[in-house]
Amino acid sequence: MSSQSYVGNDLTLSRSHELFAEAQTLLPGGVNSPVRAFRGVGGDPVFIEAAQGPYLHDVDGNRYLDYVQSWGPMILGHTYPSVLAAVVEASKRGFSFGAPTQAESALAKLVIASVPSIEMIRFVNSGTEATMSALRLARAFTGRDKIIKFSGCYHGHADMLLVQAGSGVATMGLPDSPGVPAQATANTLIAEFNDSAAVEQLFRTYPDQIAAIIVEPVAANMGLVLPQPGFLEKLRELTQHYGALLIFDEVMTGFRVALGGMQERVGITPDLTCFGKIIGGGLPVGAYGGRRDIMQMVAPVGTMYQAGTLSGNPLAMAAGIATVTELRKPGQYEQLEHKSQVLADGLSRAVHDSHIDAQVVRIGAMFCLYFHNEPVTNYTIAKRSDTARFARYFWQMLARGVYLPPSQFESCFISLALDDAMLAETVKAASEVLKQ
Ligand code: KE4
């Protein structure tokens, strides 16, 4: 059965098909990022014309409730008035100067005020740049070369990290990517997420060679896998004991699961943190930051080199400032928690009533519905999910006006723009679909 047959017959996608056919002659796979090509669910991707609040509007006139939110940034909803106004105002003063601006200090102050472990920060243009730079900094600071990452965790596409990565690579079934030379990953050690004993064994094997552990404190690129009690705490203990740095990759969880990210929820202070997505409000921003003594190694004050033409871009800073300013208002995360709880409870009831092997996982305003009959605690288990069943669910929800991430190995997001009626509509759609 082709995935197209899952598409509800009341969805017209002909213009998207036309545009995708043309795009494939111009762009590899017709997209500028692999997961957008819908290969995780089959069929052609939907081309988006515009977005407003909780809605996406595609080129065929279909409207969807958006649970992807550009993979996390649009937590306020699309074209949020104060963010839109800030970007328009900034654009009238020029787009890019390649010189310092007060906006960069303003956003830095907001991030530092929101995340206590951040004493100093450097803005870049993507999460990939943030993690790549943070790891180079950890190697410079410790004088060591090895790093530890976890299978199924995705930290962007720097060579050293494309080993058993999750996200798009997992969807494409490539345990590592062609073009990554062996020496680029020779110093990258892999452990299963939630397996702190394996990490301890790596430290015992390489006691003075490991510069850092980089971890998604909630693994959100293999679906959504929560850290088991004690796992993150053990990583903090091991890195302190062996003189390595602990890097929290909060590109996804930062300002998403709490104002202060996952580190606020678990009360752990990493040495460095990577950000992206929300701090740019939908414009290209990434960042890495943390202990001042470490960050002082970054050029030009220090010798560890990292640079970027558009880093700290004024329009991106304006969007980030407006977004974080809104999120710092009282009650925002209580509202997100309420909406997320309502949705997760509704989806769990739908799963229960359907008597199928599926489970809902949620933390803060992130959730995932696994088609799986066992608790998902790492990538090996996650990969045993029923991806064909997920594909059917994806297309049937799309036909009912609910736009979910086109892969079992991604997380869904909840925005402040989704009201209770929309959440109820989503639960109703899931109840109908899961029974089929
Ligand atoms: P970017 O380079 O895509 O801005 O960020 C890389 C990155 C780093 N760390 C984490 C935890 C991430 O989730 C990401 C990117 N997330 C994916 C979504 N799973 C982006 C979507 C895409 O690749 O198009």
Side-chain angles (χ1 to χ4, degrees), residues 27-41 45 48 66-75 123-135 147 149-172 174 177 193 213-227 247-257 261-263 270 272-288 308 310-311 313 316 319-320 363-364 366-368 379 382 403-413:
L27 308 165
V31 293
N32 286 301
S33 199
V35 71
R36 302 178 193 171
F38 276 26
R39 290 182 174 227
V41 292
I48 301 303
D66 182 15
Y67 287 94
V68 176
Q69 293 156 37
S70 180
W71 303 98
M74 312 318 293
I75 193 167
F123 291 112
V124 292
N125 298 282
S126 68
T128 293
E129 274 191 271
T131 58
M132 177 176 72
S133 308
L135 286 164
I147 60 171
K149 77 172 289 289
F150 296 91
S151 57
C153 284
Y154 177 67
H155 306 288
H157 59 88
D159 275 359
M160 64 184 141
L161 290 165
L162 280 182
V163 278
Q164 297 182 22
S167 187
V169 174
T171 303
M172 293 175 346
L174 295 177
S177 169
F193 190 74
I213 294 175
I214 186 165
V215 63
E216 291 182 64
V218 177
N221 285 286
M222 45 174 135
L224 189 67
V225 179
L226 307 183
I247 302 174
F248 270 13
D249 177 350
E250 297 226 43
V251 167
M252 195 110 69
T253 54
F255 296 90
R256 166 67 57 183
V257 299
M262 187 62 178
Q263 56 195 271
L272 293 173
T273 301
C274 301
F275 297 99
K277 300 180 191 279
I278 288 174
I279 65 165
L283 272 66
V285 178
Y288 60 104
L310 296 175
S311 296
N313 171 269
I363 181 166
M366 305 170 72
F367 71 96
C368 162
Y379 189 43
Y403 190 87
L404 299 170
S407 165
Q408 172 71 95
F409 303 109
E410 295 291 349
S411 176
C412 303
F413 301 99

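As the structure lists them, so they are numbered: ligands from 1, and atoms in each ligand from 1. Because only heavy atoms are used, hydrogens play no part in the values below, and waters and symmetry mates are left out as well, while side chains stay in.
The Glu216 neighbourhood of ligand 1 comprises atoms 11 (C), with distances under 4.0 Å to a heavy atom of that residue. Listed by number with element, the atoms of ligand 1 under 4.0 angstrom from any heavy atom of Ser33 are 22 (C), 23 (O), 24 (O). Heavy-atom proximity to Val35, at under 4.0 Å, picks out these atoms of ligand 1: 22 (C), 24 (O). For ligand 1, the atoms sitting less than 4.0 Å from at least one non-hydrogen atom of Ser126 are 2 (O), 4 (O), numbered in the order shown with element in parentheses.
Contacts between Asn221 and ligand 1 below 4.0 angstrom, taking non-hydrogen atoms only, involve the side chain exclusively. Within the 4.0 Å heavy-atom criterion, the part of His155 lying near ligand 1 is the backbone and not the side chain.
The distance criterion of under 3.5 Å between nitrogen or oxygen atoms is not met by Arg36 with respect to ligand 1. Checking only distances, Gly156 never comes within under 3.5 Å of ligand 1, N or O to N or O. For ligand 1, none of its N or O atoms has an N or O atom of Trp71 under 3.5 Å away. Inclusion of Thr131 in the set of residues having an N or O under 3.5 Å from an N or O of ligand 1 is not warranted.
The two residues Met262 and Val257 make their nearest non-hydrogen contact at N-CG2, 3.4 Å. Considering every non-hydrogen atom in both Phe255 and Ile278, the closest pair reads O-CD1, 3.5 Å. The two residues Val35 and Ser407 have their closest heavy-atom pair at CG2-CB, 4.5 Å.
For atom 16 (N) of ligand 1, the nearest non-hydrogen atom from the set Met222, Met252, Lys277, Glu410 comes from Lys277.
Separation of atoms OG (Ser126) and CG (Leu310) is listed at 11.5 Å; rounding is to 0.5 Å. In this structure, Met366 CE and Arg256 CZ are separated by 7.0 Å, a value rounded to the nearest 0.5 Å.
Classified by interplanar angle (parallel below 30°, tilted 30° to 60°, perpendicular above 60°), the ring pair Tyr403/Phe38 is tilted.
A donor-acceptor pair under 3.5 Å is formed between the side chain of Thr131 and the backbone N or O of His155.
Residues Pro227 and Val218 have side chains in contact (heavy-atom distance under 4.5 Å, counting atoms from C-beta outward).
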